[in-house]
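Structure first, then comments.
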Amino acid sequence: MHRSKDGASDQAITGGGAAPAPGGGSGHGPGTRAGIGADFLQLDTAEAPPGGMAAWLARRLREAIADGRLPVGSRLPATRVLAADLRVSRGVVTDAYQRLTDDGHVAGRGRAGTIVVAAPLTAPPPPPARAPARAPGRPGAVEPPRPVFPDRPGAEAFDVLRAAPARIDLSPGVPDLAAFPRAAWLRAERRVLSALAAPSFGYGDPRGTPALRTAVAGWLARNRGIRADPADIVILAGTAQALGLLSQVLRDTGIDTVAVEDPGSLGTRQHLDHWGMRTPPVPVDDHGVRVDALRGTGAPAVLLTPAHQFPTGTVLSGTRRRELRDWATAGGLIIEDDYDAEHRYDRPPAPALRALLTDRVFYAGSVSKLLAPALRTGWVLAPPRHRDALVDAKRFADLGNAALPQLVLADLMESGEMERQLRTLRRRHRARRDAMIDAIRARLPGAVVHGAAAGLHLLVTFPGHPGLGDADVADTDLAAAALGRGVKTQPLSWHAQRPAPPGLVLGYAATAPSAIDDGVTAIAAALRDLT
């Protein structure tokens with residue numbers, strides 16, 4: 001007889017090895033109180049009185065329904081499964097379930113199993129209220145709640161904004177999520193699972209699955225003019241992780257400064273700041289980043305969104321590209337965030353910098369603007385001399401992205417489904433962009449729209465409203481007033497390090513045209529109230 005580490009026999013631990021009692025018996029051996037447990041509701045048969053196993057089980061299930069642990073619609077384990085876990089006869093569990101059926105707590109649904117149909121008798125207790133934060137240095141004083149639109153947004157700014165309730169969300173950076181190709185994804189998932197060999201469920205290459213790296217190489221060649229060896233592509237958890245890993249790679253080479261566009265993405269700047277990078281601003285004009293100002297910063301690296309600059313929508317001009325090439329050839333490094341480059345409506349495609357400067361450009365892309373941010377899937381191409389360091393950084397971050405979503409995404413790319421999805425999105429996004437421009441013209445006369453030819457958002461400035469931008473009225477005030485009317489936006493000043501004209505960054509891709517008009521109408525009312 002096998003013994004455990006503490007010397008007790010397995011037979012003693014399992015209640016003497018007695019066979020389950022039939023019918024409503026307790027299932028205990030004579031004179032023992034040791035029990036058998038189940039993970040489900042942490043059931044322990046040692047708690048059951050002798051001869052009362054079915055009644056005890058029914059009572060425990062009623063308690064779980066009453067306190068909300070088994071909500072309406074939840075399914076009970078199959079009788080034979082729960083009986084095996086508890087080491088009782090199946091008749092014990094069947095008897096308990098029948099008692100709950102007679103009470104009206106559960107109902108049998110054939111192959112769907114036994115389902116809870118009764119509402120909880122008592123609501124689950126509310127979570128304990130958090131005590132108000134105390135203001136430092138003032139005993140008894142309560143710290144006021146954080147404003148949604150502080151003048152200087154902190155690291156939690158986007159979390160606070162996302163949590164703020166609103167009837168219309170015009171936040172930028174999200175595609176039409178309702179257009180996610182659910183049916184195509186499910187078909188691809190079935191194809192992948194039906195063909196997947198057992199070893200593929202193990203640990204894989206930290207660079208990503210060969211299938212997705214090959215598919216991404218093909219996607220970049222077809223859609224962004226980039227010729228890449230799949231071995232040089234690293235799959236990671238979106239552009240956010242790319243910024244963290246690239247910061248580590250650069251810091252290990254002695255680089256602690258990455259210049260950024262101004263105005264430029266607050267979120268991008270926050271990620272770089274978090275990883276210890278200094279982020280001097282470089283002004284952006286109608287031709288893109290000013291390379292003369294970049295030289296003036298002395299920064300050895302710069303992060304750019306050249307195909308569709310965020311938030312202005314500017315495309316980096318040919319002249320600036322040549323100037324940037326000269327700067328990089330002289331030793332500079334470029335991080336190219338190919339932000340929503342595929343979403344263009346009224347202009348030809350802008351080539352990727354990586355296609356021109358392979359040895360000096362880190363290229364980052366993702367499916368966040370093509371499918372959904374929730375997939376957390378992107379890719380990076382590093383200059384050859386930095387590739388191994390990037391792979392090491394990814395390896396020690398998480399051993400690589402989850403393989404199954406990668407394989408499904410690879411299937412969508414190779415099948416042509418991604419191109420079909422992009423064509424669908426362009427039609428839907430163009431209609432929503434046009435609806436927003438029409439609403440701005442009708443509701444906000446004097447407002448100026450920037451970056452309408454591509455992307456998922458518009459930048460709107462207000463030179464016709466001189467009161468906005470004064471010391472007493474900022475674009476954060478306008479954003480707050482709009483939120484007070486149920487419309488969520490982002491102020492331009494959040495994305496600027498230097499003084500910038502007051503404006504709003506308005507996303508249109510994820511909002512229906514009728515709601516876009518209602519949202520712009522609310523913004524116009526908020527602007528009238530302020531000015």
Side-chain angles (χ1 to χ4, degrees), residues 130 132-133 135 141-174 262-270 273 310-313 436 439-440 442-451 456-512 514-531:
R130 294 180 58 186
V142 175
E143 183 178 335
R146 292 174 178 172
V148 176
F149 294 105
D151 292 334
R152 295 184 178 181
E156 76 291 341
F158 292 111
D159 297 331
V160 173
L161 180 57
R162 277 190 288 266
R167 58 188 178 88
I168 299 172
D169 191 348
L170 299 181
S171 300
V174 182
D262 192 55
S265 167
L266 169 63
T268 294
R269 194 167 74 245
Q270 287 179 332
D273 290 343
F310 182 89
T312 68
M436 180 168 278
I440 291 170
R443 316 295 182 195
L444 291 168
V448 176
V449 174
H450 309 262
L456 306 175
H457 72 272
L458 299 176
L459 171 61
V460 181
T461 55
F462 304 92
H465 295 271
L468 186 63
D470 290 347
D472 295 333
V473 183
D475 58 8
T476 50
D477 299 317
L478 177 56
L483 184 60
R485 291 178 174 270
V487 179
K488 195 178 297 188
T489 68
Q490 289 182 13
L492 173 60
S493 60
W494 267 21
H495 301 286
Q497 297 188 67
R498 303 171 303 115
L504 295 177
V505 187
L506 303 177
Y508 53 78
T511 307
S514 59
I516 287 173
D517 185 73
D518 290 345
V520 174
T521 299
I523 292 171
L527 183 60
R528 287 194 299 270
D529 291 345
L530 291 174
T531 60

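Scanning for side-chain hydrogen bond (donor to acceptor under 3.5 Å, both in side chains) contacts around R443 gives D517, T521, with sequence neighbours left out. For R498, the side-chain hydrogen bond (donor to acceptor under 3.5 Å, both in side chains) partners two or more places apart in sequence, or in a different chain, are D262. For R162, the side-chain hydrogen bond (donor to acceptor under 3.5 Å, both in side chains) partners are D159, not counting sequence neighbours. Listed by chain and residue number, Y339, H457, H495 satisfy the ring pair (Phe, Tyr, Trp, His ring centres under 6.0 Å) test with F310 (two or more places apart in sequence, or in another chain). With sequence neighbours left out, T511 forms a side-chain hydrogen bond (donor to acceptor under 3.5 Å, both in side chains) with no residue at all. Shown here are the side-chain contact (heavy atoms from CB on, under 4.5 Å) partners of A481, two or more places apart in sequence or in another chain: A526, L530.
Note that NE2 of H450 is 9.0 Å distant from OG1 of T312, once rounded to the nearest 0.5 Å. Interatomic distance, CG of D477 versus CG of D529, reported as 12.5 Å (0.5 Å rounding). For the atom pair CG of L170 and CG of L458, the computed distance is 10.0 Å after rounding to the nearest 0.5 Å.
Not a single donor-acceptor pair under 3.5 Å links the side chain of D475 to the backbone N or O of L504. Remark: the backbone N or O of S265 is not paired with any side-chain donor or acceptor of Q270 at under 3.5 angstrom. Between the side chain of R167 and the main chain of G519, no donor-acceptor pair closer than 3.5 Å is present.
Closest of all the heavy-atom pairs between P311 and L492 is CG-CD1, 3.7 Å. Closest approach of F149 and A479 over heavy atoms only: CE1-O, 3.5 Å. In plain terms, the two heavy atoms of L456 and G173 that are nearest each other are CD1-C, 4.3 Å. Of all the heavy atoms in P463 and V448, the pair that sits closest is CG-CG2, 3.6 Å. Looking at every heavy atom in both residues, A496 comes nearest to A500 through CB-CB, 3.8 Å.
With a 4.5 Å cut-off on side-chain heavy atoms, L527 and L478 count as touching.
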message = For L266 and Q490: C-alpha separation, side-chain torsions, deciding distance, then whether side-chain contact (heavy atoms from CB on, under 4.5 Å) applies.
response = CA-CA 11 Å; L266 169 63; Q490 289 182 13; over 6 Å; no

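Of the residues I168, I440, V460, L506, the one that meets the side chain to side chain contact (heavy atoms under 4.5 Å, CB included) test with I523 is L506.
Taking the six-membered ring where the residue is Trp, F158 and W494 present perpendicular rings, their angle passing 60° and hence far from 30°.
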